[in-house]
Enquirer: 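Encoded as structure tokens, here's the structure I'll be asking about.
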Protein chains: 2
Amino acid sequence: MDETPPGATEPGATEPGATAHGDGPAPPKGTVTQRAIERIKTMIREGSLEPGQRLPAERDLAARLGISRSSMREAIRALTILGVLEARHGSGIYVTRLEAGDLLETFGVVADLSRGPRLVELLELRRILESTATSMAAARITPDRLAEVEKHLTAMNATDDPEQILAHDLAFHRAIVASAGNETMTAVLDGLSSRTFRARVRRGDQEEGAFERTRREHAAIHRALVARDPEAARAAAAAHVGEVERWLRSRREP
Amino acid sequence: MDETPPGATEPGATEPGATAHGDGPAPPKGTVTQRAIERIKTMIREGSLEPGQRLPAERDLAARLGISRSSMREAIRALTILGVLEARHGSGIYVTRLEAGDLLETFGVVADLSRGPRLVELLELRRILESTATSMAAARITPDRLAEVEKHLTAMNATDDPEQILAHDLAFHRAIVASAGNETMTAVLDGLSSRTFRARVRRGDQEEGAFERTRREHAAIHRALVARDPEAARAAAAAHVGEVERWLRSRREP
DNA sequence: CGGCCCACAGTGGTCCGACCACTCCAGTCG
DNA sequence: CGACTGGAGTGGTCGGACCACTGTGGGCCG
């Protein structure tokens, strides 16, 4: 694995005094950092960097690509944010397992930063995915998982602490979605249901007996799962998310 | 907003000899860069940083947060990758309009780097979203947009250049999805249908008269749109993506 | 007088070299 | 044999220097 075309690709070789023209033979594309990011992504895509594998030290890597450590660090940081790499202080840099959860963590950021009409769109997206996932779960859920769902359902109804309720609410849906068997979808829905996102949407919704309504909806979803009725599950889940969606919509158009 | 705890956080003010203990009053959490990222995200969320607005210079920002320019740059780079910020060389750093497209561009990276079973999951995700979007489009599409769809459809059938076909294929679906009226969903599907992703999935599929099949499926989708029949549109789109999905699945289980 | 051009200041992009904080492991000591 | 303690190696942070690009204002030319 000697992708080290010696000093050939050396970027520092920019002709001195090239300020005026010097763009003839060596017109690289984007920024150095951007290129470094692409290089690493390519290495992973091509397979020369396997998931879980440890990368060479920052200093070595920088030298190998012919760029400074600073630029290399920015590239690494970027890939770390994307969930592709993982840096362990004092140990090294590793390629993540590249599982859905690793890569889609950034999805939560979108939900966190979105405002206005986009909140409605995100909720609509969640409605579509969650209803389908719940439907799939109805056909595939295992007894174990169903027991877990029930555990969160009863726990949710047994407390008054909003924090606890929210936590079990999240876990309730999460367990169901996980039963659909599509980890990527689970990761996406995780982002769409992140704590801060829901907290922001729900803010102020708790008034006017929304608790009771939520409880009924959850019960309906649970019933559909027990009955192994995909259509009923889809409808119940869609109605559940749709309720929040409707409320949010009405709130934006007085 | 007094994010200037006086000289306390001043970097140069690091207590001499604090190496051994001095951890009483200032036990910050993650890395400096991570904190900087959170700070900026919070500023945006709270509204003190509006979309399109220009940020202070890197040097100023670094000084304001009491960190070095290098660390600040890494934070900025991270947010740039996430599509939250946009750096213009020589001009300044700006907050993006925070539209779905900006924030979800990273979604394409996921598709690019995923392999194995995850490819199937991504395709399943696309099937769910695209079928729903196509269904919605059937009910809402405008004559203008429908004309655009037809344009790409005929152009696609009129050439033999795989490059051209792929381009029009993408545009075909894109125009339809856009008609569903949910920009966030459009952005997600864009990522799920990115050039490299599809190219990778399709590789080798072109043999055995897949062209004809694709053509028929596209025609079916178009017919459903013209008839403004949501159910038919959903079915046609699901079948279309499902075909590729099925092929990919069979390929992975000999 | 009006429009073009250039120099300049400001900004992001890159690089360097140093030091700190942490992890890991091997060699040592009890 | 096990717990402890170094040191080597690695990522994290820092500060300063210089380059490349942009935007603008003043001066020059027509």
Side-chain angles (χ1 to χ4, degrees), chain A residues 7 9-23 26-37 39-40 53-81 85-96, chain B residues 9-23 26-37 40 53-81 85-96:
Chain A
T9 37
E10 202 64 1
T14 47
E15 311 284 359
T19 317
H21 65 303
D23 52 322
K29 25 196 172 181
T31 70
V32 173
T33 303
Q34 203 61 43
R35 268 179 292 157
I37 294 176
R39 288 283 291 272
I40 297 180
Q53 188 178 339
R54 181 173 174 281
L55 273 68
E58 287 181 351
R59 296 164 173 82
D60 293 357
L61 219 50
R64 190 173 313 197
L65 297 194
I67 66 179
S68 75
R69 195 188 160 205
S70 312
S71 300
M72 177 54 74
R73 273 190 61 76
E74 286 192 17
I76 292 173
R77 169 73 63 178
L79 289 169
T80 298
I81 291 291
L85 298 183
E86 179 190 355
R88 299 181 205 161
H89 193 166
S91 173
I93 302 171
Y94 303 79
V95 180
T96 66
Chain B
T9 35
E10 203 62 2
T14 46
E15 309 282 3
T19 317
H21 65 303
D23 52 321
K29 26 195 171 183
T31 72
V32 174
T33 303
Q34 202 63 43
R35 267 179 291 154
I37 294 176
I40 297 180
Q53 187 178 340
R54 181 170 173 281
L55 272 68
E58 287 181 351
R59 296 164 173 83
D60 293 358
L61 220 52
R64 191 173 312 195
L65 298 194
I67 66 179
S68 75
R69 195 186 160 206
S70 313
S71 301
M72 177 54 75
R73 273 191 62 76
E74 286 191 17
I76 292 173
R77 169 74 64 179
L79 289 169
T80 298
I81 291 291
L85 298 183
E86 180 189 356
R88 299 180 204 161
H89 192 165
S91 174
I93 302 170
Y94 302 79
V95 179
T96 67

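Throughout, a chain's letter reflects where its sequence line sits, starting with A, and its residues are numbered from 1.
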Enquirer: What is the separation between atom CG on A:Leu85 and atom P on D:dG12, rounded to the nearest whole Å?
Expert: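 Going from CG in A:Leu85 over to P in D:dG12 covers 11 Å.
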Enquirer: Got a sec, which residues hit salt bridge (charged side-chain N to carboxylate O under 4.0 Å, His left out) with A:Arg73, two or more places apart in sequence or on another chain?
Expert: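 Expected list: A:Glu58, B:Glu74.
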Enquirer: Check B:Pro56 against B:Arg64 and note the closest heavy-atom contact, atom names and distance.
Expert: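 Minimum heavy-atom separation between B:Pro56 and B:Arg64: CG-NH2, 3.9 Å.
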Enquirer: Tabulate below the donor-acceptor pairs under 3.5 Å that side-chain atoms of residues 86-93 of chain A make, not counting sequence neighbours, or state none.
Expert:
| residue | atom | partner | partner atom | Å |
| --- | --- | --- | --- | --- |
| A:Ser91 | OG | A:Tyr94 | OH | 2.7 |

Enquirer: Give me the residues of residues 86-93 of chain A where at least one heavy atom lies under 4.0 Å from an atom of DNA chain D, by number, or none.
Expert: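 When residues 86-93 of chain A is checked for heavy atoms under 4.0 Å from DNA chain D, the hits, listed by number, are A:Ala87, A:Arg88, A:His89, A:Gly90, A:Ser91, A:Gly92, A:Ile93.
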Enquirer: Give the residues of residues 69-80 of chain B touching DNA chain C, defined as any heavy atom closer than 4.0 Å, sorted by residue number.
Expert: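 Here the set is B:Arg69, B:Arg73, B:Arg77.
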Enquirer: Grab the CD-P distance between A:Gln34 and C:dG12 for me, whole Å please.
Expert: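 Roughly 17 Å, once rounded to whole Å.
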Enquirer: Quick one: CD1 on A:Ile37 to CD1 on B:Ile81, what's the gap to the nearest 0.5 Å?
Expert: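 Result: 4.0 Å between the selected atoms.
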Enquirer: Over all heavy atoms of both residues, which pair between B:Ala75 and B:Thr33 is shortest? Give the atoms and the distance, please.
Expert: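 Heavy atoms of B:Ala75 and B:Thr33 come nearest at N-CG2, 3.6 Å.
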Enquirer: According to a strict under-4.0 Å criterion, is B:Arg54 in side-chain N/O contact with OP1 or OP2 of C:dT11?
Expert: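 Looking at the OP1 and OP2 atoms of C:dT11, one of them is under 4.0 Å from a side-chain N or O of B:Arg54.
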Enquirer: Ignoring hydrogens, what is the shortest heavy-atom contact between A:Ala78 and B:Arg77? Give both atom names and the distance.
Expert: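 Closest heavy-atom pair between A:Ala78 and B:Arg77: CB-CG, 4.3 Å.
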Enquirer: Given D:dG12, D:dC14, C:dG13, which nucleotide is nearest the side-chain atoms of A:Glu58?
Expert: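 Within the option list, the nearest is D:dG12.
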Enquirer: With sequence neighbours excluded, what pairs up with A:Ser68 under the side chain to side chain donor-acceptor pair (under 3.5 Å) test?
Expert: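 Only A:Ser71 meet the side chain to side chain donor-acceptor pair (under 3.5 Å) criterion with A:Ser68.
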Enquirer: Can you name the side chain to side chain donor-acceptor pair (under 3.5 Å) partners of A:Gln34, sequence neighbours left out?
Expert: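 Not a single residue meets the side chain to side chain donor-acceptor pair (under 3.5 Å) criterion with A:Gln34.
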Enquirer: Considering only C:dG12, D:dT10, D:dC14, which nucleotide approaches the side chain of B:Arg59 most closely?
Expert: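 Selected nucleotide: C:dG12.
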